[in-house]
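Everything numeric here is computed off the predicted structure, so don't read it as measured data. Letters go in sequence order (proteins before strands), and every chain restarts at 1.
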Amino acid sequence: MLDFIFADSWSPYIVGSLIGVLSWFSFIISKKALGTSTTFARGSAKLGAVFFGAEVYDWKYYQKYKPELEWQSMLVIGIVIGSFISAVLSGEFNLSLIPLTDFESILNQNILGRLFSAFVGGIFLGFGARLAGGCTSGHGISGTFQLSIASWISLIGFFVGGAVTAFIIL
Amino acid sequence: MESKTRLIKGLATGIVFGFLLQRGGVTDYNVLVGQLLLEDFTVAKIILTAVVVGMLGVHFLSDRGLVELKPKSGSLRRTIPGSLIFGAGFALLGYCPGTIAGAIGQGSVDALLFGLSGIFVGSFLFAAFYERYDNLIEKNKFKFNTFPELFKINHWLVIVPLSAVIIIFLVWIESIGF
């Protein structure tokens, strides 16, 4: 048991099964599906207001998704904490600015390249998630297992778009 | 604002989710990009296993009236370009919105400083785009949200074959050495 708690990693089938079980409890306890990307949309209103003033809070999208702390925002904060706990227990926590990778490229092995790839990638990710209406967790896991048509198309689109881009840039 | 109890429920769910993502290896740039380059199938294994387990459980619970499902809707004009743009961003950044939170927790400063600001900017750009073009964006939504509704069949007639296909796929990728 102790070895299991401090192990570097767990089998993807154990982790996947436990995420599936976590989804049951999320529905039972919170009446919500696991998802994360809406939180960044809510947060973006605050950032936008810093640059463009409080009028952005009146935008239609931010009327639908108000910039306030709610269940999912707390879930995202929880992910940071949970990952930190796991990383510390397994000795995997380390501060890094450049990801350690086998797939080295100008886009990930120097600060400017990483700043560019992470920032531009983030923009695409944020915009794409809002247009598609979800991300890898909201569509990719929670949506697909509810047999949502949009979620299955999204899951395929995420990985097709991702694989094509990855093969081009790396 | 939501009640304190709900906020704590969200936080607790997130802590477990984050722990699992990190322990599964999917808060690591190398593992995520490795999946997109088809060299490491950890991400697919986790997602597909979670889909099968999640699907069997929530439909069982929903049949008994214990939970209420909320399948997402979409439209071709939103879902296809949105998911492809998301995929391009996923490859560039190397994280998705959930795993970036996990990456921050395990100390990836690039995720925190550059990636997170990018996601906020991208989401803000969408809100601006939506402000002007909301009618166009919201048009032509799918008439049916789920496959059982579309095919007008009992959901278990989708769940059982789909689970079988996923399990066969997972056994196959293991058997060819991934």
Honestly, the part of B/Val51 sitting under 4.5 Å from a heavy atom of chain A is both

*Criterion salt bridge (charged side-chain N to carboxylate O under 4.0 Å, His left out) on A/Glu70 and B/Arg6, from CA distance to verdict*: CA-CA 8 Å; A/Glu70 40 74 73; B/Arg6 273 194 73 71; over 6 Å; no

- Under 3.5 Å donor-acceptor, A/Lys60 side chain and B/Glu131 backbone: yes

If one checks every heavy atom of B/Phe142 against chain A at 4.5 Å, the contacting part turns out to be side chain

For A/Ser83 and B/Gln106, which I'm curious about, is there any donor-acceptor pair between the side chains at under 3.5 Å?
no

*Flag, side chain of A/Ser23 to backbone of B/Gly54, donor-acceptor distance under 3.5 Å*: no

The interface call for A/Ile169 against chain B, heavy-atom contacts under 4.5 Å, is side chain

When the 4.5 angstrom heavy-atom criterion is applied to A/Lys46 and chain B, the contacting part is neither

Cut-off 4.5 Å, heavy atoms of chain A, and the answer for B/Phe60 is neither

Turns out that what part of B/Ile100 lies under 4.5 Å from chain A's heavy atoms comes down to side chain

Under 4.5 Å to a heavy atom of chain A? For B/Val43 that would be side chain

The interface call for B/Leu48 against chain A, heavy-atom contacts under 4.5 Å, is neither

Between A/His139 (side chain only) and A/Ala132 (backbone N and O only), is there a donor and an acceptor less than 3.5 Å apart?
yes

Most contact-rich option vs chain A, by heavy-atom pairs under 4.5 angstrom, among B/Glu2, B/Arg23, B/Lys45, is B/Arg23

Bottom line for B/Val67: the part with an atom under 4.5 Å from chain A's heavy atoms is side chain

Taking the six-membered ring where the residue is Trp, are the ring centres of A/Trp59 and A/Tyr65 under 6.0 Å apart?
no

Turns out that what part of A/Ala129 lies under 4.5 Å from chain B's heavy atoms comes down to both

So, the part of B/Leu61 with a heavy atom under 4.5 Å from chain A: the answer is side chain

So, the part of A/Val56 with a heavy atom under 4.5 Å from chain B: the answer is side chain

Applying a strict 4.5 Å limit to non-hydrogen atoms, the region of A/Ile153 in contact with chain B is both

Checked B/Phe124, B/Phe90, B/Phe129 vs chain A; the most non-hydrogen pairs under 4.5 Å come from B/Phe124

Please check: side-chain N/O of B/Arg77 versus main-chain N/O of B/Lys141, any donor-acceptor pairing under 3.5 Å?
no

Under 4.5 Å to a heavy atom of chain A? For B/Glu68 that would be backbone

Applying a strict 4.5 Å limit to non-hydrogen atoms, the region of B/Leu150 in contact with chain A is side chain

Applying a strict 4.5 Å limit to non-hydrogen atoms, the region of A/Leu34 in contact with chain B is side chain

Residue from B/Leu116, B/Leu11, B/Leu84 scoring the most non-hydrogen pairs under 4.5 Å with chain A is B/Leu11

Okay, B/Ala12 and chain A: the region with an atom under 4.5 Å from a heavy atom over there is neither

* Are the side chain of A/Gln72 and the backbone of A/Gly35 linked by a donor-acceptor contact shorter than 3.5 Å? -> yes

Of the listed B/Gly94, B/Pro148, B/Pro97, the one with the largest count of heavy-atom pairs under 4.5 Å with chain A is B/Pro97

*asked:* Using modelled atom types and a 3.5 Å cut-off, is there a donor and acceptor pairing between side-chain atoms of A/Arg42 and backbone atoms of A/Ser73?
replied: no

Applying a strict 4.5 Å limit to non-hydrogen atoms, the region of A/Ile141 in contact with chain B is both

Okay, A/Phe52 and chain B: the region with an atom under 4.5 Å from a heavy atom over there is side chain

Cut-off 4.5 Å, heavy atoms of chain A, and the answer for B/Thr27 is side chain

Pair count under 4.5 Å, heavy atoms only, with chain A: among B/Gly89, B/Gly57, B/Gly98, B/Ser123, highest is B/Ser123

How far apart are the C-alpha atoms of A/Thr101 and B/Asn30, what are their side-chain angles, what is the distance that settles it, and do they pass the side chain to side chain donor-acceptor pair (under 3.5 Å) test?
CA-CA 5 Å; A/Thr101 175; B/Asn30 209 30; 2.8 Å; yes

Okay, A/Phe93 and chain B: the region with an atom under 4.5 Å from a heavy atom over there is both

Whatever's closer than 4.5 Å to a heavy atom in chain A on B/Glu149 counts as neither

Pair count under 4.5 Å, heavy atoms only, with chain A: among B/Phe144, B/Tyr130, B/Phe41, highest is B/Tyr130

So, the part of B/Tyr29 with a heavy atom under 4.5 Å from chain A: the answer is side chain

Under 4.5 Å to a heavy atom of chain B? For A/Ser90 that would be both

Whatever's closer than 4.5 Å to a heavy atom in chain B on A/Leu170 counts as side chain

Okay, A/Ser151 and chain B: the region with an atom under 4.5 Å from a heavy atom over there is side chain

